[in-house]
Amino acid sequence: MSPNNAISVAGAGQPAPAARTAWRFSWSNLGEVLGIAPFIIFAIMFLLLPTIYLVAAAFTSKAGGFTFDNIVGLGEPLIISSFWLSIRISAASAAIGAIAGLIIAMAVIRGNLPGPIRSLVLTFSGVASNFAGIPLAFAFLSTVGRLGLVTIILKTVFGFDIYRSGFNLLSFWGLTLTYCYFQVPLMILIIAPAIDGLKKEWSEAAATLGAKPWQFWTNIGIPVLWPNLLGTLSLLFANAFGAVATAYALTGMSLNIVTIQLYAQIRGDALQNPGLGAALALGMVAVAGLANVIYLVVRARAERWLK
Amino acid sequence: MPEEFLRIDNLVKAFAGNVVVKGVNLSFSKGEFITLLGPSGCGKTTILRMVAGFERPTSGTIFVEGKDISPLPPNKRQIGMVFQAYALFPNMNAEDNVGFGLKIAGVGTEERKARVEEMLKLIGLTGFGKRFPFEMSGGQQQRVALARALAPKPKMLLLDEPLSALDAKIRVSLRQEIRAIQRELGITTMFVTHDQEEALSISDRIVVMSAGNVEQIGTPFEVYNKPATKFVASFVGQLNTLKAKVADPAAKTVAIDGQVVTIPALPASARSGQDIALTMRPEAVSLANGQERDILLDGTVSEVNFLGSVIRLKVKLGENAIELDTFNDPNAPPPAHNQKVRVTLAGSDVLVLGE
Amino acid sequence: MKRNRIWAWIVFLIGAAYFLLPLVATLDFALRIRRTGYTLDAFTSVLTDPRFQATFGYSLIIGLCTIVAGVVIVVPAAYFVRLRLPQLRPFIEFLTLVPLIIPAIVLVFGYIRLYNTSSILPLTGSALGTDALLIFAYVALALPYLYRAIDTGLRTIDVATLTEAATILGASQITIITKVIFPNIIVAVLSGAFLTLAIVVGEFTIASLLNRPAFGVYMQNVGANRAFEPAALAIISFVITWGAMGMIQLLARFAPRTAARTD
């Protein structure tokens, strides 16, 4: 159903047959129309129009005409390198987050640990996955910053100066490490139901058929979890790619990632080119959007299997 | 004399202080189909799972073909198992599911394929090989699960309430199929269920259990007609109860609503004037239409259930009420509601069971 | 089985260390503001700061407005889609996923361009207008979760059957909505509300781009200028987030369920 159809549906007094079924407006349907009107109006004003506007702006030159120049302008080395940096940080934190999250989720759900541990971990993951941005940056500064607790303990108790050895919180790996604080819990939250879905009967059936635990995992466990793992990896990637506040609080403008670029652009038009800013945004949407779409598609397929 | 295949000696299982299986002794012969029957919580599934290796006995031993299998993990016991929830591997089609045990055992592709075909034929699902579990009905999935369990030629087959999740009609047809396949293969089988009709119809012997104890072991005929305890009598089949007073213990007579009758099953410990419960099956009672036996009682029809071939009547006798079954007769309509009738039964059909 | 357990414990403990260490370190940092030892001075300094109170209050109010706006937008839509307009479902669900596909910063970029002083709807021209923009931006941010929570709540109570049952018993539309539907979804609504609050209170990016005096902006400011207060703020923020999520967990226990169990 196209947005235009929706607009005419929401407009009172106009007969608007929907694309899929014959829904006719009449006064008795007024309640329904009024009911979904706020949603539709909101979606148009604050979801669809801004997006459409940005897409259009990406192709608009300074003079106002249609142009590909802005898109071409994305090929500038500074911008390419910022995209590449963002992709690398997102991929790194997604991969580490996914693996660590999977291991922890498996340990907690199938590791025969005492009962309350599972709900404790899940609740904590719910909180931690929302604990991003400024406070997270502060927390990591207090932990492994130059004057952080762990830094100081390692220096005084173990004589090991991590900063002398090349570690720096305000860097690629420092940011990745910080991102993991919300990536790992997000992974745990999303993959936990999938691990729960690995019915106990399957591993028991496999055992009666002679399979050792590793054979169960290679033949049944991992293949069943695989779509979910891939999908969640994608989601984690998109999550990191779109993050701004944490990076800003930690590294200010120094780390040249796409979101910081865009942020600077919106604040003060640093690139002196509104069209280029829009193109930058479009580029972001393309990357993050693709990753999210992969997640949604894969999740839908996985659900079909495990009916 | 068929050899002993499975022996369970004094099996006990306790979960955190709660004793679920209280010292059970069982012996199966090779090729027997034995059902563990009882209400939920009676311990039957726990025993099955201990035989499979998924639970460790608190004490007691399990012998298969003379060898103690307790130290063996489940994947080394060569036992096939069918679960209530089918448990087919969702990422594999029927063929791969059935062939899984063979693949693990290292059987070659050609041989495996042949065996899978053979098994699919056995369960009547030739051509279903490429179907995935979500493309099959419950009954089909369970048959594939059965084929999967039998494909690696296990020594023994365990079925944990395999029919409980299925529709009523499928349940009946599938249980016959399971029994037929079992007979054909001659494999020793342990079947767990809470459905007494299922147990009665397909078992060689039934082990009736309650609260961790074995109440009775016997053939369906024995368990039904000669129940050892009140529990067995009421759990297996329908049971009628009549309240009576002991009249003369020596002569084995009791008084039912004043009428004095002889009950051979009256125990020697009965005392005169004692209240006693007389139990009998519905088929032991009939309407006194000319054919009268030693006990005759008058009452009113309180319920008429026309079940097709059988008519189940509930008759009020004073403060008692009993159920009786009569066959449908096209020429003789059943009694009407509130009609006065006379029922008759033989004193020898009466069981006197403890509380 | 035993070996499994040991590995599980090791993993759990390593994970716990990674997650608890920063919290411990932050608390320690916050308490060490005076050379003399542990004091709560950093916390008092923050809590008595008029800017803290102002911005925190502002963010709370914005959060509440977001919740109200979100409920007004989502609840009727979810209800009618479920009950009367199932054909619109794919479309509506797609819309609720747009904020997940398009990063927040991009959406705000669009708002600023679209609704600035030289457009039809000059929202950025006034403080109140910009506040409204902020609220709607947050509604967009919270939309996927809000919709999911309320839609799941409606499905769990099988709103279609409830409505039919109430109608047969003679209830009017209004009665159905107020006496049957709303009391049963209030738990889902509150869940969504707490999540929204958690998202809004600490949010920085959108608030700073729209130049509003929000709590997130204040936190960033303190971080740039002070050494120990940021740690105290981080702890406060964590406690608030934990509180909100804890409420959601608590509410989940009170969620009404009428979906029958087919045992």
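A, B, ... follow the sequence lines: proteins, then strands. Residue 1 opens every chain. Here the structure is a predicted model, which means the values were calculated and not measured.
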Against chain C, label [X] side chain, backbone, both or neither, depending on which of its atoms sit under 4.5 Å from a heavy atom there.
X	value
A/Tyr53	side chain
A/Phe241	neither
A/Ile134	side chain
A/Ala238	neither
A/Met106	neither
A/Leu235	neither
A/Leu54	side chain

### Query
Any luck finding a side-chain donor-acceptor pair between C/Gln220 and A/Tyr248 under 3.5 Å?
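Looking only at side-chain atoms, A/Tyr248 and C/Gln220 do not form any donor-acceptor pair under 3.5 Å.
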
### Query
For C/Phe228, does the CZ atom have more than 12 heavy-atom neighbours from other residues, nucleotides or ligands under 6.0 Å away?
yes

In terms of heavy-atom pairs under 4.5 Å, which option from [options] contacts chain C the most?
options	answer
A/Leu177, A/Val144, A/Val108, A/Leu296	A/Leu177
A/Ala132, A/Ala57, A/Ser119, A/Gly289	A/Gly289
A/Ala128, A/Ala249, A/Ala291, A/Gly126	A/Gly126

### Query
Which atoms of C/Val106 come close to chain A, meaning under 4.5 Å heavy atom to heavy atom: side chain ones, backbone ones, both, or neither?
both

### Task
Counting only heavy atoms closer than 4.5 Å, note whether C/Leu143 contacts chain A via side chain, backbone, both or neither.
side chain

### Query
Taking the inter-plane angle between the rings of A/Phe124 and C/Phe238 on a 0 to 90° scale, is it parallel (under 30°), tilted (30 to 60°) or perpendicular (over 60°)?
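Geometry flag for C/Phe238 against A/Phe124: tilted rings.
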
### Task
State, with a plain yes or no, whether a side-chain heavy atom of A/Phe140 is found less than 4.5 Å away from one of A/Thr246.
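When only atoms from C-beta onward are counted, A/Thr246 and A/Phe140 do not touch, as no gap falls below 4.5 Å.
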
